[in-house]
Amino acid sequence: MKRSVLMIGTLSLLTALFGCWPQGRDDPPLETVSNVDLKRYSGTWFEIARYPNRFQKDCYASRAIYRLRDDGRVDVTNVCHEGSLEGPERSVQGKARVVDPVSNAKLEVSFFWPFWGDYWIIDLDPDYRWAVVGHPQRTYLWILARTPTLDRTILAEIRQRLTAQKYDVSRLIMTER
C-alpha cells in the first residue's frame, strides 16, 4: 500500500512538472497529427518503446487502456508488471481532456488532481494499429501498438520520423515482454 501511494505521488509530481522543462533552443514546435478519432483511439495500447522516466521505473510489459466518456473526456488506465515480467501487476487510473478540439491530437492527462500533463499524438497509423505520443518539450515519448509487438520496418520508419521531429531516438528503450 505504501509503495502504491508513493508511486501515485511520484507520478502526480511528474505529471505536474510535464510543462516545466524548456524546449531546445533550435527545436521547431512539435507537430501533431492532423486528426484523431477518439472513438477509434479508445481501447488497449501496448507500449513498444519509451523514453526512460521515473514514474515507469521497474515497469515491465506496460500497456494503456483508454475509454471515451460521454462528456468527451477519456478514462485512462496504465498497467504494468512491477519489478519483472512475472512481477505483480500494478495500475494507475487517470483521465484525459482534449485541449485542441480541432484535431483531438493535443490532450492533457491527469493521474492526480489538479495536475495535468501534455499528451500529444504526433504520429498515428491510418488504421490505428500504432501511435506515437510525445510532449511539446520532447522530454517524454512513447511508441504504442494495438499488439504487443511491432514490425521492425514500421518501427524503423517511425524512428526516422521522430528524428525529423528532433527527438533523440537513441534514448528510446524497448519494452520487455
Side-chain angles (χ1 to χ4, degrees), residues 11 14-15 17-66 74 76-85 92 94 96 98-100 102-109 111 117-177:
L11 183 61
L14 291 171
T15 299
L17 296 175
F18 266 34
C20 295
W21 286 282
Q23 184 170 321
R25 290 183 189 159
D26 299 326
D27 292 341
L30 185 62
E31 295 178 22
T32 63
V33 298
S34 60
N35 186 272
V36 177
D37 178 342
L38 292 176
K39 285 183 184 175
R40 290 182 70 193
Y41 196 81
S42 293
T44 300
W45 290 92
F46 295 89
E47 180 186 272
I48 302 299
R50 70 172 183 261
Y51 268 9
N53 61 66
R54 290 177 50 103
F55 51 87
Q56 283 186 282
K57 186 178 188 232
D58 292 328
C59 267
Y60 293 82
S62 297
R63 67 186 186 280
I65 301 113
Y66 304 107
V74 179
V76 180
T77 304
N78 289 337
V79 182
C80 73
H81 289 273
E82 187 174 6
S84 72
L85 291 172
V92 62
V98 174
V99 294
D100 177 11
V102 172
S103 69
N104 287 336
K106 293 180 182 178
L107 296 97
E108 290 178 329
V109 177
F111 291 96
D118 291 313
Y119 178 107
W120 288 15
I121 302 168
I122 60 173
D123 204 357
L124 180 62
D125 177 65
D127 294 322
Y128 289 67
R129 293 175 297 185
W130 53 262
V132 181
V133 175
H135 182 271
Q137 277 70 51
R138 296 172 176 84
T139 50
Y140 295 96
L141 181 65
W142 290 270
I143 299 173
L144 309 172
R146 293 295 190 177
T147 57
T149 60
L150 190 60
D151 179 89
R152 285 188 294 181
T153 304
I154 293 171
L155 186 56
E157 292 168 354
I158 291 170
R159 291 171 68 95
Q160 286 179 335
R161 287 190 297 275
L162 286 169
T163 299
Q165 282 257 47
K166 304 297 183 195
Y167 269 97
D168 178 2
V169 295
S170 70
R171 291 186 54 211
L172 281 169
I173 56 172
M174 300 306 292
T175 302
E176 291 187 50
R177 296 247 168 252

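When a residue number appears, it is its place in the shown sequence, counting from 1.
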Original post:
Do Lys166 and Asp27 sit within salt-bridge range, that is, some charged N less than 4.0 Å from a carboxylate O?
Top reply: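 Looking at Asp27 together with Lys166, the answer is no, because their closest N to O distance does not fall below 4.0 Å.
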
Measure the spacing between [atom1] of [X] and [atom2] of [Y] and express it to the nearest 0.5 Å.
X: Thr139; Y: Asn53; atom1: OG1; atom2: CG; answer: 9.5 Å
X: Arg63; Y: Asn78; atom1: CZ; atom2: CG; answer: 10.0 Å
X: Trp142; Y: Ile122; atom1: CH2; atom2: CD1; answer: 11.0 Å
X: Ile158; Y: Thr163; atom1: CD1; atom2: OG1; answer: 12.0 Å
X: Gln160; Y: Leu155; atom1: CD; atom2: CG; answer: 10.5 Å

Subject >> Pairs flagged by ring-ring contact (aromatic ring centres under 6.0 Å, His included) wherever residues 156-177 is involved - sequence neighbours left out >> reply: Tyr51-Tyr167

Original post:
Within the distance-only criterion (no hydrogens, no angle test), does the side chain of Arg138 pair as donor or acceptor with the backbone N or O of Gln165 below 3.5 angstrom?
Top reply: yes

Compile the donor-acceptor pairs under 3.5 Å between side chains in residues 29-39 and protein atoms, sequence neighbours left out, one pair per line.
{"from": "Asp37", "atom 1": "OD1", "to": "Lys39", "atom 2": "N", "distance (Å)": "3.0"}
{"from": "Asp37", "atom 1": "OD1", "to": "Arg40", "atom 2": "N", "distance (Å)": "3.4"}

Side-chain touch [X]/[Y], heavy atoms, less than 4.5 angstrom:
X: Asp118; Y: Glu108; result: yes
X: Tyr41; Y: Leu144; result: yes
X: Asp123; Y: Leu162; result: no

**OP:** With sequence neighbours left out, write down each residue that passes salt bridge (charged side-chain N to carboxylate O under 4.0 Å, His left out) with Arg146, or none if nothing qualifies.
**Re:**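 In terms of salt bridge (charged side-chain N to carboxylate O under 4.0 Å, His left out), with neighbours along the sequence ignored, Arg146 is linked to no residue.
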
Original post:
With sequence neighbours left out, what residues match Arg129 under salt bridge (charged side-chain N to carboxylate O under 4.0 Å, His left out)?
Top reply: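 Expected list: Asp125.
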
**OP:** Sorted by first residue and then second, give each disulfide (SG to SG under 2.5 Å) pair with at least one member in residues 31-62; sequence neighbours left out.
**Re:** Cys59-Cys80

Distance-only donor-acceptor hits, side chain of residues 170-177, under 3.5 Å, sequence neighbours excluded:
{"from": "Ser170", "atom 1": "OG", "to": "Asp168", "atom 2": "OD1", "distance (Å)": "2.5"}
{"from": "Ser170", "atom 1": "OG", "to": "Asp168", "atom 2": "OD2", "distance (Å)": "3.4"}
{"from": "Thr175", "atom 1": "OG1", "to": "Glu47", "atom 2": "O", "distance (Å)": "3.4"}
{"from": "Thr175", "atom 1": "OG1", "to": "Glu47", "atom 2": "OE2", "distance (Å)": "2.6"}
{"from": "Thr175", "atom 1": "OG1", "to": "Ile48", "atom 2": "O", "distance (Å)": "3.4"}
{"from": "Arg177", "atom 1": "NE", "to": "Pro148", "atom 2": "O", "distance (Å)": "3.2"}
{"from": "Arg177", "atom 1": "NH1", "to": "Ala61", "atom 2": "O", "distance (Å)": "3.4"}
{"from": "Arg177", "atom 1": "NH2", "to": "Glu47", "atom 2": "O", "distance (Å)": "2.7"}
{"from": "Arg177", "atom 1": "NH2", "to": "Ser62", "atom 2": "O", "distance (Å)": "3.0"}

